Participant: 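Quick one: structure below, then a few questions.
Naming convention: chains lettered A, B, ... in sequence-line order (proteins, then strands); numbering from 1 in each chain. All values reported here derive from a predicted model rather than from experimental measurement.
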2 protein chains.
Amino acid sequence: MEKLFRAHLEKIITLTDEEFEYIKSHFSVMNFKRRDFLVRKGEKVTYVFWVISGLLKLNYVDDADKNHVVAFAMEDWWEGDYYAFFNQSSATMSLQALEDTQVLCMTLDSYNTLCREFHKMAYFFLEKANKGHISSQQRILELISTNAKERYDKLLNRYPVLFQRVSHTLIASYLGVTRETLSRLTAQ
Amino acid sequence: MEKLFRAHLEKIITLTDEEFEYIKSHFSVMNFKRRDFLVRKGEKVTYVFWVISGLLKLNYVDDADKNHVVAFAMEDWWEGDYYAFFNQSSATMSLQALEDTQVLCMTLDSYNTLCREFHKMAYFFLEKANKGHISSQQRILELISTNAKERYDKLLNRYPVLFQRVSHTLIASYLGVTRETLSRLTAQ
DNA sequence: TGATAATTGTGAGATTTGTCACGATTAATA
DNA sequence: TATTAATCGTGACAAATCTCACAATTATCA
């Protein structure tokens with residue numbers, strides 16, 4: 001696992017053994033069972049997570065009590081309620097394990113310390129944030145410019161493995177349509 | 001203008017006069033007339049922009065030749081084709097002035113230099129990227145969980161001034177609906 | 001100012017998507 | 001393994017949105 005995390009960091013920055021040890025000391029490992037909540041709506045958000053193994057869903061419940069999958073997070077992905085994390089406020093969304101999942105977690109204090117005392121990590125997070133911002137913008141583009149079928153095809157093409165691990169109901173929710181609509185689109 | 005930009009930076013970081021001069025030297029001022037393109041689809045992206053005065057739209061043309069407003073940018077906002085900028089590739093979108101507009105522009109070299117040699121700026125951009133990521137995620141949430149009328153109301157509520165400066169056609173495009181649909185929604 | 005372009009509203013009908021309901025199948029777990 | 005829960009497909013109908021068309025109004029700028 002440590003090797004995986006180090007490899008993850010070294011895709012963007014280079015590290016000595018000592019530097020990696022220093023970084024590692026700011027993270028802790030946590031284990032969750034399928035269906036466990038890593039973040040619960042309304043409760044204070046203490047961590048963001050890096051997925052070692054398993055699968056997470058970030059879920060939003062709207063005013064009409066409908067669920068919406070905002071994001072999935074697989075191995076090697078970061079996830080969390082970033083808004084609540086950075087504002088140290090209570091969660092607007094929930095983060096739940098869809099499989100037994102092991103994560104590294106980081107507090108805001110650790111984040112700030114790492115950024116302040118070790119500028120390589122600030123650069124690492126900057127790169128991550130930029131990429132996250134860009135991919136969010138591309139998802140917005142997809143949502144306003146393509147229909148559900150095209151979004152389905154694109155997702156299947158990019159993350160085929162997701163379709164073996166996640167129910168169609170959740171895929172539909174992520175795509176912004178009902179499961180019935182998705183079922184009909186894919187029947188053809 | 002310089003004061004505005006300094007105030008913009010100092011919302012996040014503190015600066016001495018010398019530091020601000022150093023930062024400023026990495027930006028240049030450019031002026032655009034209404035309808036001018038700051039970024040043209042297909043052409044190499046050299047800059048990202050900070051709007052001093054005026055108004056921009058970020059526009060995407062899909063495979064069916066339909067236009068989609070990805071974002072507006074008013075005074076005090078950053079905008080650009082970030083994907084193409086960071087990858088130094090050709091533009092996937094266009095950025096066009098909706099009013100006569102004055103901007104500060106920054107090259108990727110300047111960005112990298114600023115981040116490397118002046119860590120306060122890396123932190124500034126990190127904060128901006130995080131906030132951009134979060135607000136994109138919130139827009140995704142809106143797109144998958146609310147109908148056009150709710151999105152319209154929310155936008156009107158947050159940026160009332162936008163409705164005095166931008167045509168309904170463009171607002172509709174930003175909201176992901178046709179102008180006819182928006183016209184009918186707001187007639188009631 | 002006068003010609004031209006852009007914007008807006010609205011009707012009619014097609015298309016897409018949602019809602020609710022039901023039964024069949026598969027997966028989870030006590 | 002027996003029971004319960006989750007998932008999936010589909011029919012029937014409702015609601016939302018799109019498409020195309022046309023005319024009226026407003027803005028632009030040569």
Side-chain angles (χ1 to χ4, degrees), chain A residues 32-37 54-55 57 59-69 72 94 96-101 142-156 162-188, chain B residues 32-37 54-55 57 59 61-69 72 94 96-101 140 142-156 162-188:
Chain A
F32 296 91
K33 286 270 166 206
R34 181 174 155 82
R35 294 207 175 82
D36 281 355
F37 285 88
L55 181 59
K57 78 164 181 194
N59 191 76
Y60 173 73
V61 181
D62 69 20
D63 300 338
D65 267 341
K66 280 184 194 157
N67 284 279
H68 302 278
V69 174
F72 296 107
S94 70
Q96 189 180 16
L98 296 177
E99 303 171 357
D100 293 355
T101 299
E142 257 182 53
L143 284 167
I144 62 179
S145 73
T146 69
N147 60 28
K149 173 66 169 150
E150 291 175 85
R151 299 203 293 277
Y152 176 85
D153 289 340
K154 217 170 249 184
L155 186 67
L156 180 58
L162 199 61
F163 292 72
Q164 289 146 24
R165 299 171 72 179
V166 170
S167 73
H168 285 183
T169 304
L170 292 182
I171 298 275
S173 176
Y174 177 82
L175 294 172
V177 293
T178 61
R179 59 164 204 89
E180 293 94 333
T181 296
L182 184 65
S183 167
R184 281 165 189 133
L185 289 175
T186 56
Q188 292 143 28
Chain B
F32 295 91
K33 286 271 165 203
R34 181 175 156 82
R35 296 209 172 80
D36 281 354
F37 285 89
L55 181 58
K57 78 164 181 193
N59 191 76
V61 181
D62 69 18
D63 299 340
D65 268 341
K66 280 185 193 156
N67 283 280
H68 301 278
V69 174
F72 297 107
S94 70
Q96 189 179 17
L98 296 177
E99 303 171 356
D100 293 354
T101 299
I140 289 169
E142 256 182 54
L143 284 167
I144 62 181
S145 73
T146 68
N147 61 28
K149 173 66 169 151
E150 291 175 86
R151 299 204 292 277
Y152 176 86
D153 289 340
K154 216 170 249 184
L155 186 68
L156 180 58
L162 200 61
F163 291 72
Q164 289 146 25
R165 298 170 74 178
V166 169
S167 73
H168 286 182
T169 304
L170 292 182
I171 298 274
S173 176
Y174 177 83
L175 294 173
V177 293
T178 60
R179 60 164 202 88
E180 294 93 333
T181 296
L182 184 66
S183 167
R184 283 168 186 129
L185 290 174
T186 55
Q188 292 142 28

Participant: Would you mind reporting whether A:Val166 and A:Phe72 have side-chain heavy atoms less than 4.5 Å apart?
Facilitator: yes
Participant: Find every protein N or O atom lying less than 3.5 Å from an N or O atom of nucleotides 22-24 of chain C, and list the pairs.
Facilitator:
none

Participant: Applying side-chain hydrogen bond (donor to acceptor under 3.5 Å, both in side chains), name anything that partners B:Arg34, two or more places apart in sequence or on another chain.
Facilitator: none
Participant: Polar pairs (N or O, both sides) under 3.5 Å between protein and nucleotides 25-28 of chain D?
Facilitator:
residue	atom	partner	partner atom	Å
D:dT28	OP1	B:Arg34	NH2	3.4

Participant: List the residues meeting salt bridge (Lys or Arg N to Asp or Glu O under 4.0 Å) with A:Asp153, not counting sequence neighbours, and say none if there are none.
Facilitator: A:Lys149
Participant: Enumerate, atom names and distances included, each donor-acceptor pair closer than 3.5 Å involving a side-chain atom of residues 174-182 of chain A, sequence neighbours excluded.
Facilitator:
residue	atom	partner	partner atom	Å
A:Thr178	OG1	A:Thr181	N	3.2
A:Thr178	OG1	A:Thr181	OG1	3.0

Participant: With sequence neighbours left out, write down each residue that passes side chain to side chain contact (heavy atoms under 4.5 Å, CB included) with B:Lys66, or none if nothing qualifies.
Facilitator: B:Asp62, B:His68
Participant: Who passes ring pair (Phe, Tyr, Trp, His ring centres under 6.0 Å) against A:Phe37, sequence neighbours left out?
Facilitator: none
Participant: Return the polar atom pairs (N/O with N/O) between nucleotides 15-18 of chain C and the protein under 3.5 Å, or none.
Facilitator:
residue	atom	partner	partner atom	Å
C:dG18	OP2	A:Thr178	N	3.0
C:dG18	OP2	A:Thr178	OG1	3.2
C:dG18	OP2	A:Thr181	OG1	2.7

Participant: Angle between the end axes of the helix from C:dT1-D:dA30 to C:dA30-D:dT1, five pairs per end, to the nearest 10 degrees?
Facilitator: 60°
Participant: Salt bridge (Lys or Arg N to Asp or Glu O under 4.0 Å): which pairs involve residues 162-175 of chain B, sequence neighbours left out?
Facilitator: B:Glu75-B:Arg165, B:Glu99-B:Arg165
Participant: Using the salt bridge (Lys or Arg N to Asp or Glu O under 4.0 Å) rule, collect all pairs that involve residues 166-176 of chain B, keeping only residues at least two apart or in two chains.
Facilitator: none
Participant: Listed by chain and number, what are the ring pair (Phe, Tyr, Trp, His ring centres under 6.0 Å) partners of B:Phe32, not counting sequence neighbours?
Facilitator: none
